[in-house]
Amino acid sequence: MTVTPAADLATRLLARLRDVPDFPKPGIIFKDVTPVLADGALFRDTTEAMADWYRGEGITRVAGIESRGFILGAPVAQHLGVGFVPLRKPGKLPYDRRRVEYALEYGTDTLEAHVDACPGDRVLVVDDVLATGGTAEAACRLVEAVGGMVVGCAFLLTLGFLDGERRLEGRAVRSVLRL
Ligand SMILES: O=P(O)(O)OC[C@H]1O[C@H](OP(=O)(O)OP(=O)(O)O)[C@H](O)[C@@H]1O
Ligand SMILES: Nc1ncnc2[nH]cnc12
């Protein structure tokens, strides 16, 4: 895991991230990124930093994890000049799909991708938060199941105490901020 040396960006993010206790379940302190997204300069600088790490890595597709991974992944794809593919919650994609199931910090969930989402692509997986790593690990498996090669994973925030990095061992994982 590499954390960006752009300390000022991390400081700006820390000032904007909002802790919401007991959401979506008692005992969870939810890291709310909506104030970051609402700050235009911070939103741009964050997604540019996430894209910059992977310039020169031959990325041909960005895969964003529903739902906040869509919001961050689409501008990352635009900064890199490549296409975007959505990894979606079940029942949302219209065409032929593959699916993977995974455990969350607060339950279980499923991700789906179109079978032709990223054949032969060099893929960057993007999400807002790396917590237990279940979602991102499932996203990587799903990308591989539809023929993509995962070059790396980029996050705005890693919750280090939940040890998600262990689930992604061997992958190029980067995060703007690590708490
Ligand atoms: O590392 P993990 O423990 O797997 O958790 C991380 C995931 O949890 C959150 O998504 P959530 O399930 O809340 O979905 P949402 O983005 O649709 O709200 C977050 O956006 C990540 O996708
Ligand atoms: N505590 C948390 N805050 C925001 N997103 C999360 N995803 C999993 N755990 C989370």
Side-chain angles (χ1 to χ4, degrees), residues 1-3 10 12-39 42-43 46-47 49-51 61-77 84-93 97-114 117-118 123-146 148 150 152-179:
M1 155 77 58
T2 310
V3 177
R12 288 161 64 203
L13 284 170
L14 263 181
R16 289 284 190 199
L17 281 170
R18 177 163 56 194
D19 282 1
V20 182
D22 300 320
F23 182 89
K25 289 189 175 167
I28 302 284
I29 299 174
F30 194 82
K31 298 290 180 182
D32 178 17
V33 300
T34 61
V36 174
L37 305 174
D39 178 333
L42 185 54
F43 185 19
T46 300
T47 53
M50 293 166 83
R61 210 62 68 93
V62 170
I65 302 172
E66 186 167 357
S67 60
R68 280 160 278 142
F70 292 177
I71 299 169
L72 294 170
V76 169
F84 175 85
V85 295
L87 306 179
R88 297 215 64 175
K89 302 288 166 67
K92 302 285 187 181
L93 288 170
R97 304 166 290 279
R98 293 271 183 279
R99 67 159 43 190
V100 293
E101 288 177 10
Y102 59 98
L104 262 185
E105 187 187 0
Y106 36 75
T108 62
D109 220 329
T110 302
L111 280 180
E112 293 185 342
H114 277 149
C118 47
V123 179
L124 175 63
V125 173
V126 172
D127 205 353
D128 63 333
V129 177
L130 176 62
T132 66
T135 308
E137 196 257 332
C140 292
R141 278 193 285 125
L142 183 56
V143 164
E144 288 162 356
V146 294
V150 177
C153 303
F155 303 93
L156 188 159
L157 170 67
T158 294
L159 300 177
F161 60 94
L162 290 172
D163 211 17
E165 290 134 310
R166 201 172 36 85
R167 303 276 290 266
L168 298 177
E169 228 160 58
R171 301 194 186 272
V173 179
R174 305 193 71 151
S175 183
V176 186
L177 194 60
R178 188 177 190 278
L179 299 177

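If you're wondering where the values come from, they're calculated on a predicted model, not measured in any experiment. When a residue number appears, it is its place in the shown sequence, counting from 1. When a ligand or atom number is given, it counts from 1 through the structure's own listing order.
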*asked:* With a 4.0 Å cut-off on heavy atoms, is Gly133 in contact with ligand 1?
replied: yes

*Mark the output for Arg167 as yes if a heavy-atom distance to ligand 1 is under 4.0 Å, and as no if none is.*
no

_Closest to atom 1 (N) of ligand 2 (judged by heavy-atom distance), picking from Val129, Val20, Ile29, Asp19_ = Ile29

*Which option, Lys31, Lys89, Arg88, owns the non-hydrogen atom nearest atom 17 (O) of ligand 1?*
Lys89

Counting only heavy atoms, which portion of [X] has something under 4.0 Å from ligand 1: side chain, backbone, both, or neither?
{"X": "Glu66", "value": "backbone"}
{"X": "Asp127", "value": "side chain"}
{"X": "Asp128", "value": "side chain"}

*Partners meeting side chain to side chain contact (heavy atoms under 4.5 Å, CB included) with Val123 (sequence neighbours left out)*: Arg61, Ala63, Cys118, Asp121, Val125, Val143

Please list, in number order, the atoms of ligand 2 under 4.0 Å from a heavy atom of [X].
{"X": "Leu159", "answer": "1 (N), 2 (C)"}
{"X": "Ala131", "answer": "8 (C), 9 (N)"}
{"X": "Lys31", "answer": "2 (C), 3 (N), 4 (C)"}

*Would Glu165 and Arg178 pass as an ion pair if we require N to O under 4.0 Å?*
yes

*Please determine if Arg88 and Glu112 form a salt bridge, counting it only when a charged side-chain N lies under 4.0 Å from a carboxylate O.*
no

Heavy-atom contacts with [X] under 4.0 Å: which atoms of ligand 1 show up? List them by number with element.
{"X": "Thr132", "result": "1 (O), 2 (P), 3 (O), 4 (O)"}
{"X": "Arg68", "result": "9 (C), 10 (O), 11 (P), 13 (O), 14 (O), 15 (P), 16 (O), 18 (O), 20 (O)"}
{"X": "Thr135", "result": "2 (P), 4 (O), 5 (O), 6 (C), 7 (C), 22 (O)"}
{"X": "Val129", "result": "6 (C), 21 (C)"}
{"X": "Gly134", "result": "1 (O), 4 (O)"}

*Under 3.5 Å between some N or O of ligand 1 and some N or O of Ala131?*
yes

*Could you state the interatomic distance from OG1 (Thr34) to CG (Leu17), rounded to the nearest 0.5 Å?*
9.5 Å

*Report the distance from atom CG of Leu156 to atom NZ of Lys31, rounding to the nearest 0.5 Å.*
12.0 Å

_Quick check: closest heavy atoms across Ile65 and Ala139, and the distance to 0.1 Å?_
CD1-CB, 3.5 Å

*Output all residues satisfying side-chain hydrogen bond (donor to acceptor under 3.5 Å, both in side chains) with Arg167, sequence neighbours left out; order by chain, then residue number.*
none

_Atom CZ of residue position Arg98 - does it have more than 12 heavy atoms of other residues, nucleotides or ligands inside 6.0 Å?_
no

*Check: Ser175 side chain, Thr158 main-chain N or O, donor-acceptor pair, under 3.5 Å*: yes

*Would you say the side-chain atoms of Asp22 pair up with the backbone N or O of Gly27, donor to acceptor, closer than 3.5 Å?*
yes

